[in-house]
Amino acid sequence: MSSEKQRGIVPRKVKGFRDIDPNLNQLKRKIIESASKVYQSYGFEHWDTPVLEYADCLGKYMPDEDTVDKGVYSFNNPEEDPVFAGDGSELRDANNNVIMENAYLSLRYDLTAPLARLYSEQLWKNFLNNQVVEGKTPILRRYQYGPVYRYEIKLAPGRFREFWQLDFDSVGTNDIASDAEVAMILSDALEAIGLKRDTYRVKINNRKLLKGFLSSLGVETEDQEQAILRVVDKMDKIGLQGVEQELGAGRQDKKSGAYVNGLNVDSNLQTGIVGFLDRFSQGIGSRKEVLSQLNIDNPLAQEGLKELQQMDSILETLGFDESRVIFEPTLIRGMAYYTGPVFEVESLQTFKDHKGATRKVGSICGGGRYDGLVKQLLGMSVPATGASIGVDRLAELLIQTKQVPAQAEGPIFIGYLDDDLMIDYQKIAGELRNKGANVEIYYGPRKGFRGLKKQLSYADKKNCPVAILLGGDEAAKGVVTVRNLKLGKELASTITDKKEWKERVQSEVNKDDLIGYVLGILND
RNA sequence: CCUGCCGUAGCUCAGUUGGUUAGAGCGCCUGACUGUGGAUCAGGAGGCCAUAGGUUCGAAUCCCAUCGGCAGGACCA
């Protein structure tokens, strides 16, 4: 027994999860506040929903297996819930007792599925009473931000299992103008956050165009359509030739050596798709030029084209030209539930990683129209459109491309030199706080007076602008020593003589003038 | 999940064809410096070389397995 190792506890994080330091939090807050303001300016209201939902309400069914559905964190609710019938009544057994079971719960994997639940739940009772009419459902325009959770098996850099999204959605409208609006909002929000014009592109495509195009080439089933779109979506990664091979017999991946099975579609279809991709894959100029080349002989595709034309005229009227919003007919976006326009924002900026290799962050926003999402919850289709900003990705972009504000300014620092003066420290701090300042009194260990070095070092690391030093000497003279740390930091590079440097940044202030003096430094 | 590369101090990395006591920079701690953040100088702590086996007189170095990281691929509500 004693020779065996005992089970112990090591402090550690769950893989794919992380701690957020004050600097990153500051950046995230800035992103969220800037975008939220833009969302509000378009009439969106702020909702929050729980991070935990019933799995079936998120569209995740786990009927007979107790395994976690791929990609989603799920577990059994320890508490038993009643089981419902389709009409909302509680299921009962032969003795008329309510049937109870442990339902599956899931952590939300995006903010859209909870929105569908929120919207459906609000309408549910009325729906049962036949008071909800398809096509006349109410409008809900909400924005929401918060963490979402995905069980990613492979964790790429910048990919986490907990990450923040910043969504806005219009539910209840099928007006194509609300789709044009999505593109405008994304553009406005990103610029409010601080991205420069021409460093990003809002890309638009229309699922109807692709569906119609594939249908015109003879694609019948939804399954085949999805399979093809999945391959085409890999264009970035495997190139046009790779797509061609995967549509056909398959392909041998050069780097990994793995053989990837192909779809074996017929050659007409294959050449048709490849031709389409080839035509549009590299920059194709203006939106109008793109539209002029999209004459596909299929009613659905024509409908999609018309929608894009309408979007274009709105965007053009409002000055959202190709420096902000473009059409990209090859854009897919993975999600199967998109039914109309789809959106993606790509950052055009690159950065050097620590090995010196050039990298790009790529996609920072995504969205689209999803007219079928609430159907399985509410039993009727409700049109909806919206998009999401990937907060962590965007933060990473701003950091890597060095567009971040400097380190957050710390609080005013009050050194702790004398136990007998604690009351005075508290009084000074209180007065400054009443004036709106942030103030911290040092409570750390101090070996008599010697700890002052440590205290100032601490203040320096927290980026404190001012240090207030009040010890026995000052108290006897009725003064307070004030040190301008902010100035000291600036002068450090030019002044090497310690004494001179000290004299420049520090002065004794009359006790009564302290508050005004300190606030004066802050406002510099 | 598949394939390849890699695991040496808190961090970033050296470490010769297998050969004495495993190094540097940064950071940390102490001092020069009176009660004073930067800079400079002097000193100090910190390692089962990822873990467990094997080959060998001898392993950080070679082989195997496990765990972890990176790159690519498969999958992705």
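Lettering of chains follows the sequences in order, A, B, ..., and the numbering in each one begins at 1.
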Colleague: Residues two or more places apart in sequence or in another chain: which of them pass side chain to side chain contact (heavy atoms under 4.5 Å, CB included) with Glu396(A)?
Modeller: Gln400(A)
Colleague: Run the numbers on Tyr54(A) and Leu105(A) for side chain to side chain contact (heavy atoms under 4.5 Å, CB included), then give the verdict.
Modeller: CA-CA 5 Å; Tyr54(A) 287 109; Leu105(A) 302 178; 3.6 Å; yes
Colleague: Could you tell me which residues satisfy side chain to side chain contact (heavy atoms under 4.5 Å, CB included) with Lys462(A), sequence neighbours excluded, listed by chain and number?
Modeller: Pro411(A), Glu440(A), Tyr458(A), Cys464(A)
Colleague: Is the Phe160(A)-Phe17(A) ring centre distance short of 6.0 angstrom?
Modeller: no
Colleague: What string of B, S and - do you get for nucleotides 67-72 of chain B, 5' to 3', when a contact is any protein heavy atom under 4.0 Å?
Modeller: -SS-SB
Colleague: Atom pairs, N/O to N/O, protein against nucleotides 37-40 of chain B, distance under 3.5 Å?
Modeller:
unit_1	atom_1	unit_2	atom_2	d
G37(B)	OP1	Lys453(A)	NZ	3.3
G37(B)	OP2	Lys498(A)	NZ	2.9
G37(B)	O2'	Asp460(A)	OD2	2.9
G37(B)	N7	Arg483(A)	NE	3.2
G37(B)	N7	Arg483(A)	NH2	2.7
G37(B)	N1	Leu485(A)	O	2.9
G37(B)	N2	Asp460(A)	OD1	3.2
G37(B)	N2	Leu485(A)	O	2.8
G37(B)	N3	Asp460(A)	OD1	3.4
G38(B)	N2	Ala492(A)	O	3.3
G38(B)	N2	Ile495(A)	O	2.7
A39(B)	N6	Lys498(A)	NZ	3.4

Colleague: Side chains of Tyr370(A) and Asp169(A): donor-acceptor distance under 3.5 Å anywhere?
Modeller: yes
Colleague: Check for me whether Arg141(A) meets the cation-pi criterion with Phe44(A), that is, NZ or CZ under 6.0 Å from the six-membered ring centre and within 45 degrees of the ring axis.
Modeller: yes
Colleague: Does Arg108(A) use its side chain to pair, donor to acceptor, with the backbone of Thr49(A) at less than 3.5 Å?
Modeller: yes
Colleague: Name the stems with RNA chain B in them: runs of three or more consecutive Watson-Crick or G-U pairs, distances under 3.5 Å?
Modeller: B:1-7 with B:67-73, B:10-13 with B:23-26, B:28-32 with B:40-44
Colleague: Residues in ring-ring contact (aromatic ring centres under 6.0 Å, His included) with Tyr143(A), at least two apart?
Modeller: Tyr39(A), His46(A)
Colleague: Rounded to the nearest Å, what distance is computed from the CZ atom of residue Arg117(A) to the C1' atom of nucleotide A77(B)?
Modeller: 17 Å
Colleague: Which part of the nucleic acid, if any, lies within reach of Leu469(A) when heavy atoms closer than 4.0 Å are counted: base, sugar-phosphate only, or nothing?
Modeller: base
Colleague: Name the nucleic acid region contacted by Arg504(A), choosing base, sugar-phosphate or nothing; use a 4.0 angstrom heavy-atom cut-off, strictly under.
Modeller: nothing
Colleague: Contact class for Asp110(A) (heavy atom, under 4.0 Å): base, sugar-phosphate, or nothing?
Modeller: nothing
Colleague: Between Arg108(A) and A77(B), is there a contact of a side-chain N or O with OP1 or OP2 at under 4.0 Å?
Modeller: no
Colleague: If the C1' atom of C70(B) is compared with that of A50(B), how far apart are they to the nearest Å?
Modeller: 15 Å
Colleague: Donor-acceptor pair, distance only, cut-off 3.5 Å: does the side chain of Asp392(A) make one with the backbone of Trp164(A)?
Modeller: yes
Colleague: Applying side chain to side chain contact (heavy atoms under 4.5 Å, CB included) between Asp167(A) and each of Thr112(A), Val148(A), Asp110(A), report the one that passes.
Modeller: Thr112(A)
